[in-house]
Amino acid sequence: MPRWRLTEIEKSRAGATTRAVVALENAGSATWRSVGTEGLQVSYHWLDAHGNAIVWDGRRFAFPRPVAPGESTQVAVDTVAPRAPGRYLLRFDLVEEHHFWLSEIGADVLDVEVVVAPRIATRRLEVVVHGGPHPRTSAALAAQEEPVVEGDSVAIAHLVSGCEPESSWSRLVLDAHAEGWTAVGPAVVPLGRALERRRASRTLGAWAPGGRNPRLGRPLLLPSLLGGIDPSGHEGFPAYAGDEGLFEGGAVIRLPTRYGRLLR
């Protein structure tokens, strides 16, 4: 059976990795052994304020060496925080891989109250307009619910000249980043004459306004990105096709139909 002690924990931010270091004493009668990803492993659960499991199967961490009865060891545990900021209980546990959690057979756990902060420390959104300034784009950015800034921001949105973000776009993008999403892609609606809009809408159906989708199955167009990530390209648009991306269908950008092979 384990005896636990927390020796170190970093500040937790939504959706980000937080390192904790736990010390364990083997107070049982059998040696603890990790064999690669098998055997006994250190892991964790995230619980909400009511004790409900938000994340049950945390990442696994092997013991650095066999731990005989009466011996102690330390293990660094990289936990991925829940996406929504708030108060949680971080519970450290042992798991016999493919068999059971030791807490299920009465072993002690280590509970740590954690306040998960927003992923972004400040709500600052910078905008890069690919193709150069455009009066319509500038006017739409000036009308945003949360002003966009120049420089000194961890969140950078990549737009194209002539597009027109709706006024709620900046707020919804920053909300999603605060919840822990590394990349946020908006819905895209074509501008232009009726025939052009109908033709472009058939192609842009996957990016039509609607709800949120973390598994869109397509690259995110005109994304806002954290952590200095540079956009890739998709059919002539700045795009993002990696992990940790959210399609935010409520954040709408109107796009001239002259842009990109996608609209032709």
Check whether any side-chain N or O of [X] sits under 3.5 Å from a backbone N or O of [Y] as a donor-acceptor pair, and report yes or no.
X: E10; Y: T18; result: no
X: T137; Y: C163; result: yes
X: W4; Y: V22; result: no
X: Y44; Y: V55; result: no
X: T31; Y: P66; result: no
X: R136; Y: G162; result: no
X: W46; Y: V80; result: yes
X: S224; Y: A155; result: no
X: S167; Y: A143; result: no
X: S232; Y: A239; result: yes

When you look at CG of D243, are more than 12 heavy atoms from neighbouring residues, nucleotides or ligands closer to it than 6.0 Å?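 Open: at most 12 neighbouring heavy atoms sit under 6.0 Å from CG of D243.
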Report yes if the side chains of [X] and [Y] come closer than 4.5 Å at any heavy-atom pair, otherwise no.
X: L222; Y: V160; answer: yes
X: S43; Y: D93; answer: no
X: F237; Y: P219; answer: no
X: T17; Y: R59; answer: yes
X: R123; Y: D175; answer: yes
X: L94; Y: F63; answer: yes
X: F92; Y: L24; answer: no

Verify the distance criterion only: is there a donor paired with an acceptor across the side chains of S170 and Q144 at less than 3.5 Å?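 Judged by distance alone, the side chains do pair up.
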What's the shortest heavy-atom distance between [X] and [Y], and which atoms?
X: S168; Y: G250; answer: OG-O, 4.2 Å
X: S12; Y: V114; answer: OG-CG1, 3.5 Å
X: T7; Y: A23; answer: CG2-CB, 4.0 Å
X: P223; Y: P238; answer: CD-O, 3.4 Å
X: V149; Y: S153; answer: CG2-CB, 4.1 Å

Roughly how far, to the nearest 0.5 Å, is [atom2] of [Y] from [atom1] of [X]?
X: D111; Y: L6; atom1: CG; atom2: CG; result: 11.5 Å
X: E96; Y: S34; atom1: CD; atom2: OG; result: 9.0 Å
X: I253; Y: L159; atom1: CD1; atom2: CG; result: 5.0 Å
X: I9; Y: R19; atom1: CD1; atom2: CZ; result: 12.0 Å
X: I120; Y: E179; atom1: CD1; atom2: CD; result: 10.0 Å
X: L246; Y: Y240; atom1: CG; atom2: OH; result: 11.5 Å

Sole candidate of V112, L110, V109 that passes side chain to side chain contact (heavy atoms under 4.5 Å, CB included) when paired with R91: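 For R91, the side chain to side chain contact (heavy atoms under 4.5 Å, CB included) test succeeds with only one of V112, L110, V109, which is V109.
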Are [Y] and [X] linked, directly or through intermediate hydrophobic residues, by side-chain heavy-atom contacts shorter than 4.5 Å (ILVMFWY only)?
X: V95; Y: M1; answer: no
X: L225; Y: L216; answer: yes
X: I229; Y: L221; answer: yes
X: L226; Y: F247; answer: yes
X: L204; Y: L220; answer: yes

side-chain contact (heavy atoms from CB on, under 4.5 Å), that's the test. Do L102 and L40 meet it? Break it down for me. CA-CA 9 Å; L102 264 65; L40 197 65; 3.7 Å; yes
Identify which one of E97, E38, Q41 satisfies the side-chain hydrogen bond (donor to acceptor under 3.5 Å, both in side chains) criterion when paired with R60.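 By the side-chain hydrogen bond (donor to acceptor under 3.5 Å, both in side chains) criterion, R60 pairs with just one of E97, E38, Q41: E97.
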If you look only at distance, which donor and acceptor atoms sit under 3.5 Å apart when one is on a side chain in residues 69-77 and the other is two or more places apart or in another chain?
{"from": "E71", "atom 1": "OE1", "to": "R65", "atom 2": "NH1", "distance (Å)": "3.3"}
{"from": "E71", "atom 1": "OE1", "to": "A68", "atom 2": "N", "distance (Å)": "3.0"}

Is it true that R254 and E166 have a side-chain N and a carboxylate O under 4.0 angstrom from each other?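 Yes, R254 and E166 are salt-bridged.
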E244 with R119: basic N within carboxylate O range, under 4.0 Å: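 No, no charged N to carboxylate O under 4.0 Å.
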Could you tell me which residues satisfy salt bridge (Lys or Arg N to Asp or Glu O under 4.0 Å) with R33, sequence neighbours excluded, listed by chain and number?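 R33: no salt bridge (Lys or Arg N to Asp or Glu O under 4.0 Å) contacts found.
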According to salt bridge (Lys or Arg N to Asp or Glu O under 4.0 Å), does anything in residues 222-231 pair up with another residue at least two apart or in another chain? List the pairs.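 Of all non-adjacent pairs touching residues 222-231, none passes salt bridge (Lys or Arg N to Asp or Glu O under 4.0 Å).
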Please list all pairs passing the ring-ring contact (aromatic ring centres under 6.0 Å, His included) test where one or both residues lie in [range], with sequence neighbours left out.
range: residues 145-181; result: H130-H158
range: residues 65-84; result: none
range: residues 99-119; result: H45-W101, W56-W101

Should R13 and V116 be marked as a side-chain contact (heavy atoms from CB on, under 4.5 Å) after you check the CA-CA gap, both sets of side-chain angles, and the distance that decides it? CA-CA 5 Å; R13 292 195 176 277; V116 175; 5.7 Å; no
